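Computed from a predicted model, the values in this text were never measured in an experiment.
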Amino acid sequence: MGEIFSSKLGKPIMSEDQVLNPGTIVRLKSDPGRQGVLTGKHRKQAGVRKYQVAFPEGKTFQPDYELEVILDDESDWTSLLESGKFGRVRDLRRNLTHIHLSGRLANLVYSMDATNTDFYAYQFKPVLSFLDSPSNGLLIADEVGLGKTIEAGLIWTELRARYDARRLLVVCPAMLREKWCSELNYRFGVDAEIMDASELLNHLRKNKYEIPDGRGIVCSIQGLRPPSRWQDEDGKVSSPRKALARFLDEQSDDEPLIDLVIIDEAHYLRNPESKSAKLGQLLRAVSDNIVLLSATPINLRSEDLFHLLNLVDPDSFGVKEVFPLVLHANEPLQRARDLALDLRSKGQDIL
């Protein structure tokens, strides 16, 4: 009998006297990755009915016993696996390549070997921590000379690989602006431009998806922080910094304007009543991701450290009075870590 079977249902879906309708979607049993559409043409040769199938690469006649109708309930991969229908090895490789290129493999570090930097494993720890962060924020408090700039650049490289991240803003002390531009260009291929408050405001008013890939903005903390009484409704805007602050405040509930903001020497933001801290709050509200860099948090008071962490993750660090309890609960873990890294310590010291 010339019958076409559904291997999922285990019974024939048509007899030899029936003809499949044009437009029916089929695949080859011997090559499930090849799917096509019946054109309506068919013929018999040596008692075997052959259907013309329009595959992506062209039309060809296939015997009915080689064809399998794609049922509506087989549209997802779990149904195909349950019915024992597998594609070709090259199909799997092609799909994995597509997933790789589109940046959707969570356990793959795309920034590795993708920059003009020497490989140091510890510099990728912030990247992994950032990817695991539910708040899309991170405070990097490495000591001087360990490459916080590189660690922040690797995070930006990772974001560009995984998502359509286009707008990078670096805010730092004025004396470090040229250094940041040079590092971003040489090590990460980012064409960074120094802007003042007026230029940044004009830039942020543009649609970020119109910005060419591989660009960055570098601004000084001093040049962006809002002036006194910037929220006053005086009928006019008296300075670019005031106009910028009010624009950022107005945009805080809309789609993020900035993909990643990096704030270097972030300890300048530790006082929540300062203009620098207010700048950090305004930028955080319009940014998808934030990275704070500072070599001195370990020397700050716990209250100062709390304000920095509150900027990074306001959900986890929202109540100042609870923060000392968090620090106390982590003391045994911190001590165990220090002892584990101390080659002079003995195993019983950790217990």
Spell out, as yes or no, whether a donor-acceptor pair under 3.5 Å connects the side chain of [X] to the backbone of [Y].
| X | Y | answer |
| --- | --- | --- |
| Glu183 | Trp180 | no |
| Ser274 | Asn271 | yes |
| Arg167 | Leu257 | yes |
| Ser287 | Ile290 | no |
| Arg205 | Asn202 | no |
| Ser182 | Lys179 | no |
| Arg225 | Lys275 | no |
| Arg270 | His267 | yes |

Check the pair Gln52, Thr39 against side-chain hydrogen bond (donor to acceptor under 3.5 Å, both in side chains), reporting the backbone distance first and the verdict last. CA-CA 6 Å; Gln52 188 182 56; Thr39 65; 2.7 Å; yes

Any [X] side-chain heavy atom under 4.5 Å of [Y] side chain:
| X | Y | value |
| --- | --- | --- |
| Pro226 | Leu279 | yes |
| Val190 | Asn185 | no |
| Arg49 | Phe61 | no |
| Val261 | Val170 | no |
| Val37 | Val53 | no |
| Tyr268 | Pro173 | yes |
| Asp288 | Leu159 | no |
| Thr24 | Val69 | yes |

[X] with [Y]: basic N within carboxylate O range, under 4.0 Å:
| X | Y | value |
| --- | --- | --- |
| Lys206 | Glu210 | no |
| Glu68 | Arg27 | yes |
| Glu57 | Arg34 | yes |
| Lys208 | Asp259 | yes |

Step-by-step side-chain hydrogen bond (donor to acceptor under 3.5 Å, both in side chains) determination, Gln45 to Lys50: CA-CA 7 Å; Gln45 289 183 342; Lys50 293 187 176 182; 3.2 Å; yes

Verify the neighbour count for atom OH of Tyr186: are there more than 12 heavy atoms of other residues, nucleotides or ligands below 6.0 Å?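 At most 12 heavy atoms, drawn from other residues, nucleotides or ligands, come within 6.0 Å of this atom.
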
To the nearest 0.5 Å, tell me how far [X] [atom1] sits from [Y] [atom2].
| X | Y | atom1 | atom2 | value |
| --- | --- | --- | --- | --- |
| Asn289 | Asn136 | CG | CG | 4.5 Å |
| Tyr51 | Leu67 | OH | CG | 8.5 Å |
| Leu269 | Gln281 | CG | CD | 8.5 Å |
| Leu184 | Thr149 | CG | OG1 | 8.5 Å |

Which atoms form the tightest heavy-atom contact between Arg166 and Tyr209, and what is the distance?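 Smallest interatomic distance, heavy atoms only, reads CD-CA, 4.0 Å.
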
For a quick test of reading the model, state the closest non-hydrogen atom pair linking Ile263 to Gly280 and the distance between them. CD1-CA, 4.3 Å

Could you please spell out the steps behind the salt bridge (charged side-chain N to carboxylate O under 4.0 Å, His left out) verdict for Arg162 and Glu158? CA-CA 6 Å; Arg162 290 170 175 264; Glu158 196 70 26; 2.9 Å; yes

Should [X] and [Y] be counted in the same cluster of Ile, Leu, Val, Met, Phe, Trp and Tyr side chains packed under 4.5 Å apart?
| X | Y | value |
| --- | --- | --- |
| Val286 | Phe247 | yes |
| Leu169 | Ile211 | no |
| Leu168 | Ile150 | yes |

Just by distance, with hydrogens left out, do Lys148 and Ser294 show a side-chain donor and acceptor under 3.5 Å apart? no

Exactly one of Ile194, Leu200, Leu283 should register a side-chain contact (heavy atoms from CB on, under 4.5 Å) with Cys219. Which one does?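 One option only clears the test, and that one is Leu200.
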
side-chain contact (heavy atoms from CB on, under 4.5 Å) assessment of Glu265 paired with Leu293: CA-CA 6 Å; Glu265 303 292 341; Leu293 308 179; over 6 Å; no

Kindly indicate, with the supporting measurements, whether the criterion side-chain contact (heavy atoms from CB on, under 4.5 Å) is fulfilled by Ile140 and Leu292. CA-CA 6 Å; Ile140 300 178; Leu292 303 184; over 6 Å; no

